[in-house]
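Throughout, protein chains are lettered first and strands after them, A, B, ... in sequence-line order, and every chain is numbered starting at 1.
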There are 2 protein chains.
Amino acid sequence: MVLTEKQKELIEQFGVLNEKYGLPPAECRVWGLFLVADKVELTFDEIMETLHLSKGGTSNALNRLMMTHHIEYITKLGDKKRYFRCKMNNWTQMTKENFEKFDDLNVILKEILKARTTKTPQFNNDLKEVTEFLDFVYKELMIAIKKWENRK
Amino acid sequence: MVLTEKQKELIEQFGVLNEKYGLPPAECRVWGLFLVADKVELTFDEIMETLHLSKGGTSNALNRLMMTHHIEYITKLGDKKRYFRCKMNNWTQMTKENFEKFDDLNVILKEILKARTTKTPQFNNDLKEVTEFLDFVYKELMIAIKKWENRK
DNA sequence: TTTTGAGTTCAGCAAATTATGAACCAACTT
DNA sequence: AAGTTGGTTCATAATTTGCTGAACTCAAAA
C-alpha cells in the first residue's frame, strides 16, 4: 500500500499526540494507519510493509490495539489471513474509561485529605474543594455521555 | 522533615497514578509531598532531604511543577531561600487544560476526516460521529466547569 | 573583594522501554 | 508427509528517559 505525503504526515501527527499519553510509537502508527488508509480492512503484511515495521513489532502493536479494543479482526472463508480494522463504535466507552482514571485521582486526594494534619485549615479546605470539584465534573461528564448515548 | 508511614504510602500511591500519565517519578513525589506534608511551605533543601533526591533532580522537578502551575514560590524579606507551595486554586484551570489536550486529538481527527478517500462512506461517517461526540463532550465539560465557577 | 548560600546546568550513567529478526508453532495445501 | 502461510515468541540490540553529582552562576553578606 502506498501512502500520500499527507497521509504519512497525519499518521505522524496522530502518533506524536498519542505518544504523549504513553503509547509506543509503533502502536500509534499502526492505529494512525487505520485512520488514514484508503481501505478499511488491512492485513498483517500490508501494515508491516507500509510502515516498515518488523514482524514482531507488527504483531505486538496489533495485539495491544486489540486488547485495548481499538481494532478487531475478521476472517474470510477459505482464507487464512486476518483482516484487521478499526473499531469506531468504541469511543464513548474509551472516553468513559479515560475519565474513570481521572476519578481514581480523586479517590487518592480524598484519602490524603483524611490523613492530613488539622493544623493547616486553609489548605485542607482548598483540597476539599478540589475533591468536590472533581466529583462534580465527573458526574456532569457521565450525564453528558449518557445524554449522547440516548440522543435522537 | 520526617514523614509518617501513611504519608510515604500516600506519596507513592499518588506518584504511581501520575506516572501513568507520563510524569517522571521524582516530579510526582515532590507534588505528592506538598499534598501530604504537615506544613504548607517547603524549602528546596527540605524537599531534597525528605525525598532523598539529588540537587539537580529536585531543581528539575520543582521547575517543571512551576511551569505546569502546580506549585509556586514566595520569598521572605532578608531570606534568600524560596518557599515553595502547592497552588490549590488552580484545579479548574488545570482540568480545563487537560481537556484542551483531549480536544487536540479531535483537531487531528477532523483533519484526517478531511483527507480521507470518499470510497469508504461508512467509515468516514463513523469517524465523523466520533468527532461530533468529542465536540459534544468537550462543550458539556466547559459548561460544567463554568457552572462550578459561578456556583453560589 | 572575597565568601557564602541557593539554586541551575549538564555530562554521564543506570534503568526501563521498544523494536528487531530469527526460530518457532499451528493450521492448511498439495 | 512435506511444504507453505500467517502469525507469535523471545533473546538481544537500540533508544529513550530519568537521576545523580560536580561544576557552575548569581546575588547577597561579610
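Below 30°, between 30° and 60°, or above 60°: for B:Phe84 and B:Phe44 the angle between ring planes is between 30° and 60°, a tilted geometry.
The distance between atom CD of A:Glu19 and atom P of D:dT15, rounded to the nearest whole Å, is 15 Å. In this entry the distance linking CE of B:Met67 with C1' of C:dT8 reads 13 Å, nearest Å. When the C1' atom of D:dG7 is taken as reference, atom CG of A:Leu65 falls 16 Å away, rounded to whole Å. Counting to the nearest Å, the P atom of D:dT12 and the CG atom of A:Asn60 are 19 Å from each other. Remark: P of C:dT8 and NZ of B:Lys80 are 13 Å apart, rounded to the nearest angstrom. Taking atom CG on A:Asn63 and atom P on D:dG6, their separation rounds to 17 Å, with Å as the unit. C:dG5 atom C1' lies 13 Å from atom CE of B:Met48, rounded to whole Å. Taking atom CZ on B:Phe44 and atom P on C:dT4, their separation rounds to 20 Å, with Å as the unit.
When distances run from any side-chain atom of A:Pro24 to the nucleotides C:dT9, C:dT18, D:dT9, the shortest one goes to C:dT18. Nearest nucleotide to the side chain of B:Ser54, out of D:dC19, C:dA19, C:dT9: D:dC19.
Residue A:Glu100 comes nearest to A:Tyr138 through the heavy atom pair CG-OH, 3.2 Å, listed as atom of the first residue, atom of the second, then distance. Listed here is the closest heavy atom pair of A:Leu3 and A:Lys8: O-CE, 3.8 Å.
Side-chain atoms of B:Gln7 and B:Asp38 form a donor-acceptor pair, as typed in the model, at a separation below 3.5 Å.
A donor-acceptor contact under 3.5 Å is formed by the side chain of B:Lys55 with the base of C:dG7.
Annotation: of the two residues near DNA chain C, B:Phe84 and A:Leu23, the 5′-most nearest-nucleotide partner is B:Phe84. Between A:Gly57 and A:Lys81, the residue anchored nearer the 5' end of DNA chain D, judged by the nucleotide with its closest heavy atom, is A:Lys81.
Within the nucleic acid shown, B:Leu53 comes within 4.0 Å of sugar-phosphate atoms alone, with no base atom in reach, counting heavy atoms only.
At D:dT8, one or more side-chain N or O atoms of A:Arg82 fall inside 4.0 Å of OP1 or OP2 (strictly under the cut-off).
The CH2 atom of A:Trp91 sits 5.0 Å away from the CG atom of B:Leu105 when rounded to the nearest 0.5 Å.
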